[in-house]
Undergrad: 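The structure follows.
Every chain is numbered from 1 and lettered A, B, ... according to where its sequence line falls, protein lines coming before strand lines.
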There are 2 protein chains.
Amino acid sequence: MPDFEKSLTKSVAFPRQSPVEESLSVGDAPLRRIPEATVARLPVYYRALVETAEQQVVTVSSERLAELAGVNAAKVRKDLSYLGSYGTRGVGYDVEHLLHEVAHELGLTQDWPVAIVGSGNLGAALAGYKGFGARGFRIVAVFDVDPARLGRRIGELEVEPFSDLDRVVRERGVAIGMIATPASAAQDVTDRLVDAGVRSILNFAPTVITVEDSVSLRKVDLAIELQILAFYQQQKAARRAGA
Amino acid sequence: MPDFEKSLTKSVAFPRQSPVEESLSVGDAPLRRIPEATVARLPVYYRALVETAEQQVVTVSSERLAELAGVNAAKVRKDLSYLGSYGTRGVGYDVEHLLHEVAHELGLTQDWPVAIVGSGNLGAALAGYKGFGARGFRIVAVFDVDPARLGRRIGELEVEPFSDLDRVVRERGVAIGMIATPASAAQDVTDRLVDAGVRSILNFAPTVITVEDSVSLRKVDLAIELQILAFYQQQKAARRAGA
DNA sequence: GTTTGTGAACCACTTCACAGCC
DNA sequence: GGCTGTGAAGTGGTTCACAAAC
């Protein structure tokens, strides 16, 4: 098997924590500092574990988990070791136990109300997307500024006026905001969300937005993904031609 | 200004090139080996340059470009240095010139026909998404297996049967495939695309897929993004409570 | 015998800091 | 005096390889 490692998406806007006050423990929770790269892989392990559990498998090796997650076994072991020592040498990991630990670490045992801003093509698709619901993520509002779109039904929701954002965020306890507006509106919308108290933002608008350090920001940028693929595709073509 | 660096998405499934035959030049093109992390940022610089050019600005400093791209100036300079020495000390970079060089490097001077497999919520949204078109990426086909969806119009296209994939890929010279199917179909669809000759894949299905080394694979996974945000959000809550 | 957990070695990327050129 | 280009130092992440535990 070829080793096509390196999956995943790296984060943005992370505190980068002043070198002082590094690895503190909080209360009795151990709270090891988990590397960003590891955090980004935990959801992949989580999914692999869910599938494994569904098949009534009781224990799983790092080897097998690696295969399911598309990484190598050493990485799996090191990643999981940041959570604690949940494996048994000579045996592997107890699927149910590990599943629970990972879910807990990721916060999937709680509910995360999500609001979407922008009800165009993409916003509507996101609102209708199954596959979140699975664990804790619930779309509780879709906003738009365009009066023509207000009241339009999307799944169980209706599009609400952006001007209600503050109130709705408060009332429904929105924890995560998704930006699905045109690029030109993205920064303003972000600022409004942050002002309303939202501290986690997922940006789909094709533009750079900035937030204060206390806010987590990640982005998904279709055009960028395509351009990266184009780069490597072109590279391959060049290699074929020359060399 | 706080330094919220670290943007961007890292790749997947990259050759990792056998250590032998490293930095060869092809023909007369210099072809320095550009780090993956740099490649992932070039599209961001590209966008910043386009905006800058639109405002009739003639030269731009690494400082300014960094601001627009949401990174720091040292990174911009190092990144651009992989492409060549296109700046002028004491002055900055000529916007038009740099724009052209970056576009060329990314392969944005050519046309990239894209096919989408899956015409559900997400597939349809992707097909209708403006913001690709901008540079070279043209959706030329949308496929589905569901007979009920065939013939449905999406923008200027109609949904075509998946069984025609081979022929259509050949006839329209599809270079990039996007997977917007349920997870269960993603690996099979990928294999079909690869068999048909597609060498760049963008996977939106929430599952790990694998491809041979010669194929570039990137993924966009909404659920994973949300879970990563949830992790950090929970972390913040814990920090607020304890410590 | 098997498989984890983890120091140590390695590698990729980032940041620093300054010489070199305008 | 200003800004780039880049070696060198620093940081974070990956892989190796093996002792420890079953």
Undergrad: Choose from D:dT15, C:dT15, C:dC13 the nucleotide whose nearest atom is closest to any side-chain atom of B:A37.
TA: C:dC13

Undergrad: Under the salt bridge (charged side-chain N to carboxylate O under 4.0 Å, His left out) rule, collect the residues that match up with B:R64, sequence neighbours excluded.
TA: B:E67

Undergrad: Of the candidate nucleotides D:dT14, C:dC13, C:dT15, which contains the atom at the shortest distance from the side chain of A:K75?
TA: D:dT14

Undergrad: For B:H97, which residues count as a ring-ring contact (aromatic ring centres under 6.0 Å, His included) partner, sequence neighbours excluded?
TA: B:Y86

Undergrad: Which whole-number value in Å describes the distance from A:D94 CG to D:dC22 P?
TA: 15 Å

Undergrad: May I have the distance from A:R64 (atom CZ) to C:dT2 (atom C1'), rounded to whole angstrom?
TA: 18 Å

Undergrad: Between B:K75 and B:S62, does any side-chain donor sit less than 3.5 Å from a side-chain acceptor?
TA: no

Undergrad: Rounded to whole Å, please give me the gap between CD1 in B:I34 and P in D:dT6.
TA: 14 Å

Undergrad: In this structure, how many angstroms lie between the P atom of C:dC13 and the CD atom of B:E36, rounded?
TA: 6 Å

Undergrad: To the nearest angstrom, how far is A:L42 atom CG from D:dG13 atom P?
TA: 13 Å

Undergrad: Write down the distance between CG (A:L80) and P (C:dG5), rounded to a whole number of angstrom.
TA: 8 Å

Undergrad: Keeping to residues at least two apart or across chains, list the salt bridge (Lys or Arg N to Asp or Glu O under 4.0 Å) pairs with something in residues 109-118 of chain A.
TA: A:D111-A:R138

Undergrad: Between A:T190 and A:A186, is there a donor-acceptor pair closer than 3.5 Å when you use the side chain of the first and the backbone of the second?
TA: yes

Undergrad: Nearest whole Å is fine: how far is C:dT4 C1' from A:H97 NE2?
TA: 15 Å

Undergrad: Please collect all salt bridge (Lys or Arg N to Asp or Glu O under 4.0 Å) contacts where either partner lies in residues 49-60 of chain A, sequence neighbours excluded, each pair once.
TA: none

Undergrad: Write out a two-atom table: protein N or O, nucleotide N or O from nucleotides 2-4 of chain D, distance below 3.5 Å.
TA:
residue, atom, partner, partner atom, Å
D:dG2, N2, B:G90, N, 3.3
D:dC3, O4', B:G90, N, 3.1
D:dC3, O2, B:G90, N, 3.2
D:dT4, OP1, B:S62, N, 2.7
D:dT4, OP2, B:S62, OG, 2.7
D:dT4, O2, B:R89, NH1, 3.3

Undergrad: Among C:dC16, C:dC13, C:dG7, which nucleotide sits nearest the side chain of B:P35?
TA: C:dC13

Undergrad: Rounded to whole angstroms, how far apart are CG on B:D79 and P on C:dC13?
TA: 10 Å

Undergrad: Please check the phosphate of C:dT15 (OP1 and OP2 only) for any side-chain N or O of B:N72 closer than 4.0 Å.
TA: yes

Undergrad: According to side-chain contact (heavy atoms from CB on, under 4.5 Å), who are the partners of A:V208, at least two apart in sequence or on a separate chain?
TA: B:V44

